[in-house]
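One structure below.
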Amino acid sequence: MDKIQLKEQVETIRQAFGYVNSFKDETFVVKIDSSLLNHPFFPILIKDIVLLHRVGIKIVLVPGTKHRIDEVLATYKITCRTVNGIRISPAEAIQYIKMAAFDVCNRIMTLLAENSANAIIGNWVKARAIGVRDGVDYLSSGTVEKLQTDIVKRIIGEGQIPIFPNIGWNARGKPYNISSNELALTISRELGAAKLFFITGFSGISAKKFKAPKSVYVSSDGTISQMTVEEAGHFIDLNARVKHAAEMELVTMAYHACRDGVRRVHIIDGRVEGMLLKEIFSNRGFGTMIYANQLDNIRPLMPADIPEVLRIIEPLVEEQVLIPRTAQQIEEKADDYVVYEVDGTIHGCGALHCFPDKSGEIAGIAVDSAYLNLGTGKKIVSYLIEKASKLKLKRLFVLTTQAADWFSELGFQPGRLSDLPAEKRATYNTRRNSLILTYRISSQRSRRRSVVE
């Protein structure tokens, strides 16, 4: 094993321990798409869920049953039409829909038992009929009215995993077919869940298929990695004409979940082995995450951060991208530095050094190699430009040997030695021969917008 691989593994272990401590006694609601039930990795997914349960995370499962319902109805030659993405459930179909829903729950409970986890399938959902909308009678299709949260919390407190079939009953015991996505949203809201997972049969929300807000980061494969709840609302508005797409429904559910107090919603691909654990125990993110709390945090450097900063810049010093810095040098200019922190882990750093002539140097921009290509460096530079504006600096400059093109994309222009303040010119290393790039603060507002977007 080489040094880089060892470093990555150690970092992953550190993150995992940190997350286990953070999420202990928190509630995760996991909705599993029905398309995954026959996938070869489905038993492994259940095994991973049991691992989460064993480390003290409270798990609630909501199985999707669409495909199994289709199979059962086809077997008994019952046809149901779909209107506005909702299956209209006639009276003669509801018994078979119940059969399919509980069959799926029993399959999952069997897998949980094989992994020594206790589970209960319950009738904890009070429902009512959707009724008639725009002249369409939805018959025995219903919507969630109330959850018996006290019972569910007691079951969770006893160390068991509740499994919710997508069936609800009214006060007279009449069953209704309800949306498992709506059910997962309601459960996560009523239980105060920290996370809601939609484990799907596709790879997150694609910017190739939908219009994405300009402010969101899109990965190299076209996946929207994360959105704030505000950006999710904007996404919904931009794609309002897209009707009944599964992805749109999930983003809408995530938007409402975050608005109602769920901290984060994850839309991930269940066809990839271990994806649930990767999403939870790595702050890198692999699907699409929509969040209500502040995920990213660029903040001033603290003394305890210095070893992490040195660790991050070390590979760039070895490649001669950055000049060497000692702990003492960083400490002496600690007020100039900021770090980019996610869930207690530092991903990047940078500094703004100010000079008497109202100019500023952006320096020491570095991102942990494990988190490249996530837009972290651009966010740090954008933050420092904003800081320079608040300090009423007139211009910025950067010295770089290998990142000129990258800084040019952020609005920096080629400069000359005479553009540097006198004390910086006096220490300019002609042997290193760094390129000089400049940035005028007077035009920072429009350029900063391009950096953020």
Side-chain angles (χ1 to χ4, degrees), residues 29-34 60-70 72-73 78 80-102 104-105 121-152 162-193 196-198 200 232-233 236 240 242-262 265 267:
V29 176
V30 182
K31 190 269 175 174
I32 305 173
D33 191 85
S34 61
V60 178
L61 295 181
V62 184
T65 56
K66 179 182 182 301
H67 289 75
R68 183 56 181 151
I69 291 173
D70 290 343
V72 172
L73 292 180
I78 297 174
C80 297
R81 66 190 181 111
T82 299
V83 178
N84 296 326
I86 300 172
R87 188 197 304 270
I88 296 179
S89 307
E92 65 269 21
I94 193 66
Q95 62 177 316
Y96 300 108
I97 292 173
K98 283 173 55 183
M99 180 192 303
F102 279 90
V104 170
C105 290
I121 303 169
N123 58 340
W124 308 300
V125 181
K126 184 179 180 181
R128 57 179 173 81
I130 292 175
V132 179
R133 294 180 182 174
D134 298 325
V136 177
D137 188 346
Y138 286 84
L139 302 174
S140 293
S141 294
T143 186
V144 179
E145 186 172 17
K146 186 179 180 180
L147 296 180
Q148 293 178 293
T149 53
D150 290 345
I151 296 175
V152 176
I163 305 175
F164 280 78
N166 63 303
I167 303 293
W169 290 262
N170 68 8
R172 295 183 178 181
K174 180 180 178 179
Y176 290 101
N177 177 20
I178 57 180
S179 161
S180 54
N181 287 337
E182 178 198 353
L183 180 56
L185 165 62
T186 305
I187 294 168
S188 63
R189 179 180 61 219
E190 295 298 317
L191 294 181
L196 167 60
F197 290 89
F198 290 109
T200 69
I236 294 168
V242 180
K243 300 295 184 181
H244 315 309
E247 296 93 334
M248 281 298 297
E249 180 181 2
L250 295 185
V251 173
T252 302
M253 292 289 174
Y255 171 78
H256 288 294
C258 291
R259 288 286 298 270
D260 291 341
V262 179
V265 180
I267 302 170

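Applying the salt bridge (charged side-chain N to carboxylate O under 4.0 Å, His left out) definition to pairs two or more places apart or across chains, none involves residues 162-174. Applying the side chain to side chain donor-acceptor pair (under 3.5 Å) test to residues at least two apart or on different chains, the pairs with a partner in residues 121-139 are Asn84-Tyr138.
Between Val125 and Ile178, some side-chain heavy-atom pair lies under the 4.5 Å cut-off. Counting only heavy atoms from C-beta outward, the side chains of Arg68 and Ser34 never approach each other to under 4.5 Å. Ser180 has its side chain out of reach of Thr65: every pair of non-hydrogen atoms, C-beta onward, lies at least 4.5 Å apart. Counting heavy atoms from C-beta on, the side chains of Val144 and Glu190 never come closer than 4.5 Å. Using a 4.5 Å heavy-atom cutoff, the side chains of Cys80 and Leu73 are in contact.
Residues passing the side chain to side chain donor-acceptor pair (under 3.5 Å) test with Tyr176, sequence neighbours excluded: none. Taking the side chain to side chain donor-acceptor pair (under 3.5 Å) definition, one finds that Ser141 meets it with Ser89, sequence neighbours left out. Taking the side chain to side chain donor-acceptor pair (under 3.5 Å) definition, one finds that Glu182 meets it with Thr143, sequence neighbours left out. The side chain to side chain donor-acceptor pair (under 3.5 Å) search around His256 returns none, not counting sequence neighbours.
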Go through Asn166 and Val62 one step at a time and tell me if the side chain to side chain contact (heavy atoms under 4.5 Å, CB included) criterion holds.
CA-CA 8 Å; Asn166 63 303; Val62 184; over 6 Å; no
Given side chain to side chain contact (heavy atoms under 4.5 Å, CB included), test Val265 with Cys258 step by step and report yes or no.
CA-CA 7 Å; Val265 180; Cys258 291; 3.9 Å; yes
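Between Ala184 and Lys31, the shortest heavy-atom contact is CB-CB, 3.8 Å.
Remark: Arg189 CZ to Met253 CE distance equals 10.0 Å, nearest 0.5 Å. If you take CG on Leu61 and CD1 on Ile121, they are separated by 10.5 Å, rounding to the nearest 0.5 Å.
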